[in-house]
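Data block below; observations after.
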Amino acid sequence: MQVDETSEPKDGATRVAADSKGPRARFEDIEIGRVLGEMDWVVTEDMIDTQCAIDADYDVWYSLRSPWNGRIAPPQISYRPPRWLLSRTYNVRGLFYRWEMENVRPIRPGVTLHVVARVCDKYVKNEREFIVYEAVATDPHNDVVFRTRRTHVLDFVERSARRAGEGIDSGIKAERI
Amino acid sequence: MPVLTRDSEVGLELPELACQFTPAHFRRADEATIHTDVEAARREGLPAPVATGPQVAALIFRQLRTCFGEGWIVGGRCELTFRRPVYVSDFCVARGTVKRREDSAEGVRLHCDVWIENASGDKVIVGSASGLVQ
């Protein structure tokens, strides 16, 4: 996200009320403990290529071979499935504020990962509203591959601003790398 | 060979990794997003399009892969806070230092402070990371 912790509210500022995918999630709608859902996710060779290109993160392990018998994905490819699960329940455009990640096992192409996510907290800080959610991914042996905990701020504008108008961007994203 | 080993000392500086971002880094298809479109950003209260946090943070992940090798892929941990907006034409550099050594059941783990600075020297992303070393 990138909340500017030094910013001041602007007179007349409003928070976006809706976008083309529907109304934005309101702080009071967010339910701590709510399961955001689950999904099976298979990383493909093309996804790895795309992730490396997006991040300009090229490495023999990611492109050719690794100590794990074939190429692996950059660990940060794990960003997207939990975010997709959040979007399936709450339309949060907002900005990314905090990212905790644990790489337990390598992410390998062709392996089905089962990802489960839930809301674990929400809070107000610096007059802004935050949602915290966590996810875990397991492989077909039920071994954990990665864990993550994320914090998003619902709006860049302070919570005292009324909601009005339509946003161009949406919190509901296409589920692709 | 990874940069960090069990013999690495507290205080060691991690290799810097820099990127001059451009708007082209953040384009996806023809989507108008807060990362690509001035009006989309303004409607959210942002003065200009901002970089996507994960793409900026990827500088740190590249750094950690170089520093820890296999110890980043298996057992790597990271906690990052995105403190300030990064704009789509900003220059950023990832930096870090070794802060602590931990002997645990899983092996020797080195804990580091990591951060990303912009061209003004502002720390836009700050956090900690750790990995297992041989």
Side-chain angles (χ1 to χ4, degrees), chain A residues 1-7 9-10 13-16 19 51 54-59 61-62 66-68 72-77 79-80 83 93-107 147-149 151-153 155-158 161 165-170 173-174 176, chain B residues 17 19 21 25-26 28-29 31-47 49-66 68-87 122 124-125 127-131:
Chain A
M1 133 202 140
Q2 315 169 2
V3 170
D4 187 337
E5 295 180 341
T6 65
S7 69
K10 295 181 177 65
T14 58
R15 295 184 293 165
V16 167
D19 55 53
Q51 188 69 47
I54 288 171
D55 294 335
D57 186 1
Y58 295 102
D59 191 290
W61 290 1
Y62 306 150
S66 75
W68 297 276
I72 60 170
Q76 66 267 27
I77 202 170
Y79 172 74
R80 293 177 188 274
R83 184 66 175 88
R93 167 48 278 182
L95 291 165
F96 198 13
Y97 180 64
R98 189 169 169 81
W99 189 358
E100 300 170 47
M101 60 191 292
E102 181 179 3
N103 308 322
V104 181
R105 289 180 171 77
I107 299 173
R147 296 186 187 92
T148 185
R149 186 177 172 102
T151 305
H152 285 256
V153 64
D155 301 279
F156 182 72
V157 176
E158 292 185 359
E166 186 163 315
I168 294 173
D169 199 358
S170 177
K173 298 297 186 185
R176 62 168 186 263
Chain B
L17 197 58
C19 183
F21 289 105
H25 280 103
F26 306 102
R28 296 283 177 279
E31 289 179 320
T33 70
I34 62 169
H35 312 299
T36 62
D37 186 86
V38 172
E39 181 57 24
R42 284 181 178 161
R43 290 198 191 184
E44 305 292 339
L46 295 159
V50 293
T52 61
Q55 277 181 265
V56 180
L59 281 175
I60 290 175
F61 303 143
R62 288 170 59 192
Q63 183 185 49
L64 295 172
R65 155 70 187 95
T66 301
F68 287 108
E70 293 182 31
W72 171 241
I73 303 297
V74 175
R77 298 173 190 157
C78 196
E79 298 181 6
L80 302 177
T81 299
F82 299 80
R83 295 183 65 238
R84 292 170 181 249
V86 173
Y87 295 98
D122 297 324
V124 292
I125 301 176
S128 61
S130 70

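Of the possible donor and acceptor atoms, none in the side chain of B:Arg77 sits under 3.5 Å from a partner among the backbone N and O of B:Ser130. For B:Gln55 (side chain) and A:Ile54 (main-chain N/O), a donor-acceptor pair under 3.5 Å exists by modelled atom type. When atom types are taken as modelled, the side chain of B:Thr81 and the backbone of B:Arg83 share no donor-acceptor pair closer than 3.5 angstrom. With hydrogens and angles ignored, the 3.5 Å screen pairs a side-chain donor or acceptor of A:Asp169 with a backbone N or O of B:Ile34. A donor-acceptor pair under 3.5 Å is absent between the side-chain atoms of B:Thr52 and the main chain of B:His35, judged by distance alone.
Proximity to chain B involves both the backbone and the side chain of A:Pro106, based on heavy atoms less than 4.5 angstrom apart. Heavy-atom distances place no part of A:Arg83 under 4.5 Å from chain B, backbone and side chain included. When heavy atoms are compared at a cutoff of 4.5 Å, B:Arg42 does not approach chain A at all. There is no contact between B:Ala129 and chain A, counting heavy-atom distances below 4.5 Å. Within the 4.5 angstrom heavy-atom criterion, atoms from both the backbone and the side chain of A:Val157 approach chain B. With a 4.5 angstrom heavy-atom cutoff, B:Glu39 touches chain A via backbone and side-chain atoms both. Heavy atoms closer than 4.5 Å to chain B are found nowhere in A:Arg147, neither backbone nor side chain. Looking at A:Ile107, neither its backbone nor its side chain comes within 4.5 Å of chain B, counting heavy atoms on both sides.
Residues that satisfy the salt bridge (charged side-chain N to carboxylate O under 4.0 Å, His left out) test with A:Asp19, not counting sequence neighbours, are A:Arg24. Remark: A:Glu166 engages no residue in a salt bridge (charged side-chain N to carboxylate O under 4.0 Å, His left out) (not counting sequence neighbours).
The aromatic rings of B:Phe82 and A:Trp99 lie parallel to each other, with less than 30° between the two planes, well short of the 60° mark.
The greatest number of non-hydrogen atom pairs below 4.5 Å with chain A, out of B:Ala58, B:Cys78, B:Gly75, B:Ala57, is found for B:Cys78. Among B:His25, B:Glu79, B:Glu31, the residue making the largest number of heavy-atom pairs under 4.5 Å with chain A is B:Glu79. Residue with the most contacts toward chain A among B:Ala40, B:Ala32, B:Pro54, B:Ala41: B:Pro54 (heavy-atom pairs, distance under 4.5 Å). Between chain B and the options A:Met101, A:Glu102, A:Glu100, heavy-atom pairs under 4.5 Å are most frequent for A:Met101.
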